Amino acid sequence: MSDARVQPIQVLPSAAALVVACAIALSSRGSGEALAAVAALATGAVLLPLAPTLVALFVVLLLGLPYQLNEVPASFAGVNLYFADAILFFFAAAACFEAARGMLGRPYPERTMGERFMVVLVWASAAYGVIALARGMLVSGFEWRDAIGAYRRYCFYPLAFLVPLNLPIQRRHLPFLQSALALGAISIVFTALYSLANGLTYRPDIFIVEATEPDPRLLGYTACMTLAMGLSLFVAMTMQPGRIVFRAAAAGAIACTGALLISGWRLSVGLALAMPFAAISVMSLLRGGRALTQALTLCVGALFVTAAVAGTAFVLPDTWQRATLQFEQRVRDFDVTDDARYYSWKNAGEVWSESPILGAGLGRQAEFFVLGSEGTFYLEQMSTHNTFVGLLADSGLVGLLLALAFHASFVALMFRRRRDFAAAYRPLVTGIVVGYLAATGFSFLQPMQVSAIVSMHLLMGFAVLLCRPEFRQSRAPLTGS
């Protein structure tokens with residue numbers, strides 16, 4: 001098993017970082033950017049030995065404050081920096097711990113074949129991204145800032161998957177991670193309640209239904225992804241043996257997260273109905289047992305969803321009526337050419353057709369004409385609103401196939417190892433897997449924000465970590481029981 005105790009040799013990188021920080025401070029002569037670099041380097045040096053524990057706090061902030069910390073980046077040396085870029089600290093910490101392990105002659109943990117394959121794929125994707133980056137700047141002539149930004153989103157941030165696999169994570173760290181998922185969802189709940197009490201909305205008039213007032217969206221879709229993950233975690237916790245008080249608290253959290261998912265986004269309404277069923281299904285697969293038992297569990301899940309629909313219509317009649325009118329209008333007036341996504345995907349397809357193998361290169365800023373309600377076309381600039389279609393246009397079949405292979409390997413590994421997860425970790429794995437499915441679903445229709453990309457890949461790494469033999473047996477559940 002990984003040794004998470006701090007060794008004297010592991011303090012050396014911190015000492016070296018402090019020396020570098022002092023050197024920068026002495027040579028900066030008061031430069032604001034240099035002093036900020038000094039502060040960041042010194043703070044990281046002091047906290048580096050605590051990285052296996054701090055990663056849970058990082059997850060809480062990514063999930064619970066996605067807009068406050070990632071919507072407005074800070075500019076540093078001409079490059080936009082997000083809070084999610086703190087992943088650099090965990091990259092450095094993982095590298096230091098791995099180096100110390102090798103210098104101390106400690107054995108490396110036993111890795112499954114699926115984990116090794118995924119590590120190769122994520123590194124291959126990052127390496128190929130360098131080629132796509134160079135192609136975008138040198139061949140297509142894209143702006144270097146745009147090219148680097150695209151590389152960060154497509155290739156660099158997914159490397160967060162490696163952090164849990166290289167930090168010395170032990171069983172004692174995992175309760176913090178499950179609490180991080182729960183606290184992230186609860187943070188979104190309190191943020192939404194505060195906005196509701198003060199008349200604040202994510203977008204005040206995003207969608208107008210005939211014969212109704214504008215339907216405000218209380219939450220953004222990144223927050224809805226956190227709620228979907230929290231909802232599945234809480235459902236799984238109610239299915240876990242334990243003290244009645246914890247299960248009752250989880251049931252209350254289910255009600256809060258499920259109700260707030262109905263926030264005006266049609267896809268989030270679907271998540272509010274689908275996540276409990278998906279969580280029950282995943283927990284059933286993790287538990288194993290006879291096929292009849294699993295079928296009965298799925299029937300209970302279907303009844304749960306039906307009851308949730310009826311309860312929502314009864315408790316929130318106005319919201320239910322607006323959602324129903326939205327759905328009816330969309331079905332009645334459905335026309336693919338009314339959605340800007342149609343034109344963005346069409347434009348991406350045209351770009352891809354010019355270079356199907358390697359793509360246009362990273363840094364493309366999509367511009368295309370959209371048919372307006374007046375029957376005239378106007379020029380639109382926006383993202384592709386589909387991660388995989390955008391990746392296909394920018395990095396070609398090579399980049400897309402690498403990404404698809406990585407995600408397919410994760411799903412296959414989770415399915416193959418479904419019986420190997422210790423009972424204590426089943427709610428945590430359920431929350432991660434179902435949350436991953438929700439985030440992937442959103443990525444087909446919305447651009448992925450930085451916090452969502454980093455948190456999704458970070459949690460995927462934790463799920464793969466739990467497949468290792470050293471975590472297959474656990475003495476106690478992660479929650480009080």
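We count residues from 1, following the sequence as given. Every value quoted in this text rests on a predicted model; they were computed, and no experiment measured them. The basis for the numbers below is simple: all heavy atoms, side chains too, and nothing from hydrogens, waters or symmetry mates.
Residues Val122 and Pro158 approach most closely at CG2-O, 3.8 Å, considering heavy atoms. For the pair Ala150 and Leu362, the tightest heavy-atom approach, listed with the atom from each and the gap, is CB-CB, 3.9 Å. Across all their heavy atoms, Met283 and Pro427 have their closest contact at SD-N, 4.1 Å. Ala403 approaches Leu391 most closely through the heavy-atom pair CB-CD2, 3.4 Å. Between Leu133 and Ile148 the shortest heavy-atom distance is CD1-N, 3.8 Å. Nearest heavy atoms, Gly64 versus Pro66: C-CD, 3.3 Å.
A donor-acceptor pair under 3.5 Å links the side-chain atoms of His385 to the main chain of Ser383, judged by distance alone. A donor-acceptor pair under 3.5 Å links the side-chain atoms of Asn166 to the main chain of Leu162, judged by distance alone. In terms of modelled atom types and a separation under 3.5 Å, the side chain of Tyr151 and the main chain of Gly363 share no donor-acceptor contact. Looking only at distances, no side-chain donor or acceptor of Tyr154 sits under 3.5 Å from a matching main-chain atom of Ser125. Judged by distance alone, with hydrogens and angles left aside, the side-chain atoms of Arg153 form no donor-acceptor pair with the main-chain N or O of Ile453 at under 3.5 Å.
You'll find the side chain of Leu428 reaches within 4.5 Å of the side chain of Leu466, heavy atoms only. Counting only heavy atoms from C-beta outward, the side chains of His457 and Met460 approach each other to under 4.5 Å. Counting only heavy atoms from C-beta outward, the side chains of Leu445 and Asn386 never approach each other to under 4.5 Å. At a threshold of 4.5 Å between non-hydrogen side-chain atoms, the residues Ser187 and Leu65 count as touching. With contacts defined as side-chain heavy-atom distances shorter than 4.5 Å, the pair Val235/Met275 does not qualify. In this structure the side chain of Leu165 never reaches within 4.5 angstrom of the side chain of Phe462, judged on heavy atoms. Using a 4.5 Å heavy-atom cutoff, the side chains of Cys224 and Phe442 are in contact. In this structure, Val59 and Phe176 have side chains that are not in contact, with every pair of non-hydrogen atoms separated by 4.5 Å or more.
Remark: of the listed residues Leu231, Thr257, Ile188, Leu62, Ile188 is the sole one forming a side chain to side chain contact (heavy atoms under 4.5 Å, CB included) with Thr226.
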Exercise. Begin from the C-alpha positions of Tyr82 and Gln449 and carry the test side-chain hydrogen bond (donor to acceptor under 3.5 Å, both in side chains) through to its verdict.
Key: CA-CA 10 Å; Tyr82 303 86; Gln449 298 295 332; over 6 Å; no

Exercise. Check step by step if side chain to side chain contact (heavy atoms under 4.5 Å, CB included) holds for Ile432 and Leu233.
Key: CA-CA 8 Å; Ile432 293 175; Leu233 172 67; over 6 Å; no

Exercise. Under the side chain to side chain contact (heavy atoms under 4.5 Å, CB included) rule, what do Met225 and Met456 come out as? Steps first, then yes or no, please.
Key: CA-CA 10 Å; Met225 283 188 261; Met456 182 179 77; over 6 Å; no

Exercise. Might you work through the side chain to side chain contact (heavy atoms under 4.5 Å, CB included) test for Val119 and Phe161, ending with a clear yes or no?
Key: CA-CA 8 Å; Val119 169; Phe161 167 78; 4.3 Å; yes

Practice problem: Could you please spell out the steps behind the side chain to side chain contact (heavy atoms under 4.5 Å, CB included) verdict for Trp352 and Leu397? | Solution: CA-CA 9 Å; Trp352 170 70; Leu397 281 174; 4.2 Å; yes

Self-check item: Derivation and outcome, ring pair (Phe, Tyr, Trp, His ring centres under 6.0 Å), residues Phe91 and Phe156
Solution: CA-CA 11 Å; Phe91 286 154; Phe156 175 73; 5.5 Å; yes

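Rounded to the nearest 0.5 Å, atoms OG1 (Thr430) and CE (Met237) are 11.5 Å apart. Of the inter-residue distances, the one linking Leu121 atom CG with Ser409 atom OG reads 5.0 Å to the nearest 0.5 angstrom. Taking CZ of Phe410 as the start and CE of Met118 as the end, the distance is 6.5 Å to the nearest 0.5 Å. With rounding to the nearest 0.5 angstrom, the OH atom of Tyr436 is 10.0 Å from the CE atom of Met414. Separation of atoms CZ (Arg417) and CD (Glu115) is listed at 10.0 Å; rounding is to 0.5 Å. A distance of 9.0 Å separates CG of Leu401 from CD1 of Ile357, quoted to the nearest 0.5 Å.
Between Glu110 and Arg468 no salt bridge is recorded (no basic side-chain N to carboxylate O distance below 4.0 Å). A salt bridge is absent between Arg364 and Asp146: the closest approach of a Lys/Arg side-chain nitrogen to an acidic carboxylate oxygen does not fall below 4.0 angstrom.
Residues Arg135 and Ser355 have side chains that bring a donor and an acceptor to within less than 3.5 angstrom of each other.
By the 30° and 60° cut-offs, the orientation of the rings of Phe388 relative to His407 is perpendicular.
Heavy-atom neighbours of Tyr67 OH from other residues, nucleotides or ligands within 6.0 Å: above the threshold of 12.
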